[in-house]
Each structure stands twice: as C-alpha cells, then as structure tokens.
Amino acid sequence: MSNELVKVWDLPVRVFHWLLVSCFIIDYVTEDDFMTLHVYAGYTIMGLVLFRLVWGIIGTKHARFSDFLTRPSVASAYLKSIAANSAQRYLGHNPAGAAMILALLASLLITCVTGLATYATEQSSGPLVEFMLTAPNFIYDAAEDMHEFFANATLVLVIFHVAGVVIASLSHKENLVLAMITGLKRAE
C-alpha cells in the first residue's frame, strides 16, 4: 500500500462540499423559524448546485462528471461488491458515489425551486413571485408539499451518503472525510 498522497479534490469542490453541508444544516433546522436565514441559505444552496453543475463540465479531472458518471448497472454492481467486501478502490468518486452526487444535486435543485415557489406565495417575494401570485392554488399546494418532501428526501440521501463514506473509508482504510478537507488521497 503506497503512502504517497496525490491531489484529487480541488479547492472549488471542497469549498462547494462544506458550504453545501453548512447551508443544508442551516436550512433544515430553520425551516419554520428564522425565515430570512432559511431563505439566504436556500439561495446559497441553489447557487452552489448551479456552480457544481458547471464545474462538473469545466472543472478539474476528478470534478468532471465525465470522470465518474457510469451506467446504473455499474453502480449496482459496485454496491454488490461492497456487500461482498470486494469493492474496487477509486481515486475519484466510486460508481455509488457518482449516483449519489446526481441524486443529491437533483433533490437539492427540486427543493430549491419548490422553496422559491413557496416563498413567492407565502412572503410575496423572490424571483417567482409574479408567476406564483397568478398561479392556481393547487400549484402552491404542490410546491409546498414537494418542498417538504424533497428536503426530507435530501436528508435521507445525506444519511446514505455519510454511511457510504464510512463504509468506503473502512473498506479501503482511508479517511475520506479528511480527503474532502485536504484534497489529498493515497495514490493508487
């Protein structure tokens, strides 16, 4: 096993990750109270998600979607190999991690858009206010329900993500949390 460390996660990916963690926690615990803080954290999340979508196309090697996105069958096979304790180590994201990234980004994006719709209706504010004030009530009701559903779905995905990080860290004897702080991982 090599002790040589290589740069894997660039600074933009690491800052994105930890800002997203912080803002999601803030948003989740301020759902009904501290609405201004909730809204600003939500706007920040939306900006972060949009940044990550762009950085996934133009960023450094391991930040690019082309480096880690795979077919669902590959992610499924990877999960089976974890259960069999024979999972391959990846320098960048593994196939399950790649699927999780897509699921988290999609869930967060839906949460943000439905949050904007809810905010427009309840507070008469935000970029969707003109649309939501003239939309039928069922649109508002659907947006509010979807906002809550996807916020909770994101929390479930986060729990699975953290579990996956712990399992991969133990399986490959490396600290993936530290790697997301320093950007460094053990060379292959």
Side-chain angles (χ1 to χ4, degrees), residues 9-60 62-72 75-76 93 95-165 177 180-181:
W9 310 123
D10 62 26
L11 185 61
V13 165
R14 296 184 337 255
V15 170
F16 156 82
H17 181 272
W18 295 113
L19 275 175
L20 186 61
V21 168
S22 301
C23 288
F24 183 75
I25 291 169
I26 289 167
D27 256 355
Y28 202 83
V29 300
T30 63
E31 178 186 3
D32 294 321
D33 304 312
F34 309 106
M35 185 53 73
T36 300
L37 181 60
H38 183 82
V39 169
Y40 282 128
Y43 278 131
T44 304
I45 289 172
M46 180 165 252
L48 288 167
V49 168
L50 294 174
F51 160 78
R52 186 62 182 99
L53 292 173
V54 170
W55 199 244
I57 297 167
I58 67 169
T60 57
H62 294 293
R64 284 189 219 129
F65 298 130
S66 61
D67 182 64
F68 59 83
L69 289 184
T70 62
R71 296 180 312 283
S76 177
H93 292 291
M100 181 56 73
I101 289 168
L102 287 181
L104 281 166
L105 290 174
S107 188
L108 285 165
L109 194 57
I110 293 168
T111 303
C112 287
V113 171
T114 56
L116 287 173
T118 302
Y119 184 57
T121 305
E122 291 179 354
Q123 305 293 321
S124 296
S125 193
L128 298 182
V129 70
E130 293 299 320
F131 171 74
M132 289 305 293
L133 290 179
T134 59
N137 281 345
F138 78 88
I139 300 276
Y140 162 71
D141 292 337
E144 185 179 37
D145 290 346
M146 287 177 66
H147 182 66
E148 187 169 335
F149 174 84
F150 279 97
N152 290 322
T154 301
L155 180 62
V156 170
L157 290 171
V158 166
I159 291 167
F160 279 111
H161 171 60
V162 170
V165 167
V177 174
M180 191 50 76
I181 293 169

In short, Val129 meets Ser124 closest at the heavy-atom pair CG2-C, 3.4 Å
For Cys112 and Ile45, the nearest pair of non-hydrogen atoms, with its separation, is SG-CG2, 3.6 Å
Counting only N and O atoms by type, is there a donor-acceptor contact under 3.5 Å from the side chain of Ser76 to the main-chain atoms of Pro72? no
Are the side chains of Trp9 and Thr60 in contact, using a 4.5 Å heavy-atom criterion? no
Return the CD1 to OG1 distance between Ile25 and Thr30, rounded to the nearest 0.5 Å. 11.5 Å
Which heavy atom of Leu116 sits nearest to which heavy atom of Pro127, and what is that distance? CD2-CD, 3.9 Å
Main chain of Val13, side chain of Arg52: is a donor-acceptor contact present, judged purely on distance under 3.5 Å? no
Is Leu105 close to Phe65 at the side-chain level, that is, under 4.5 Å between some pair of heavy atoms? yes
When rounded to the nearest 0.5 angstrom, what distance separates CG in Leu53 from CD1 in Ile58? 11.5 Å
Rounded to the nearest 0.5 Å, how far does NE2 of His38 lie from OH of Tyr28? 11.0 Å
Rounded distance [0.5 Å steps], CE in Met132 versus CD in Glu122: 9.5 Å
Give a yes or no on whether Glu148 atom CD has more than 12 heavy-atom contacts from other residues, nucleotides or ligands under 6.0 Å away. no
Donor-acceptor pair, distance only, cut-off 3.5 Å: does the side chain of Trp18 make one with the backbone of Met180? yes
Do the non-hydrogen side-chain atoms of Met46 and Leu109 ever get within less than 4.5 Å of each other? yes
Across all chains, not counting sequence neighbours, the ring pair (Phe, Tyr, Trp, His ring centres under 6.0 Å) partners of Tyr140 are none
4.5 Å side-chain heavy-atom contact, His147 and Thr111: yes
Would you call Thr44 and Leu19 a side-chain contact if the rule is heavy atoms closer than 4.5 Å? no
Could you pull out the closest heavy-atom pair between Leu155 and Phe24, with the gap in Å? N-CZ, 3.8 Å
Which residues share a side chain to side chain contact (heavy atoms under 4.5 Å, CB included) with Ile110, sequence neighbours left out: Thr114, Met146, Phe150
Of all heavy-atom pairs linking Pro95 and Thr70, the shortest is CB-OG1, 3.8 Å
Closest heavy-atom pair, His93 versus Ala98, reported as atoms and distance to 0.1 Å, is CB-N, 4.4 Å
Going by heavy atoms in the side chains, are Leu20 and Leu108 under 4.5 Å from each other? yes
Just how far is it from atom CZ of Phe68 to atom CD1 of Ile101, taken to the nearest 0.5 Å? 4.0 Å
Any heavy-atom pair between the side chains of Phe51 and Phe16 that's under 4.5 Å? yes
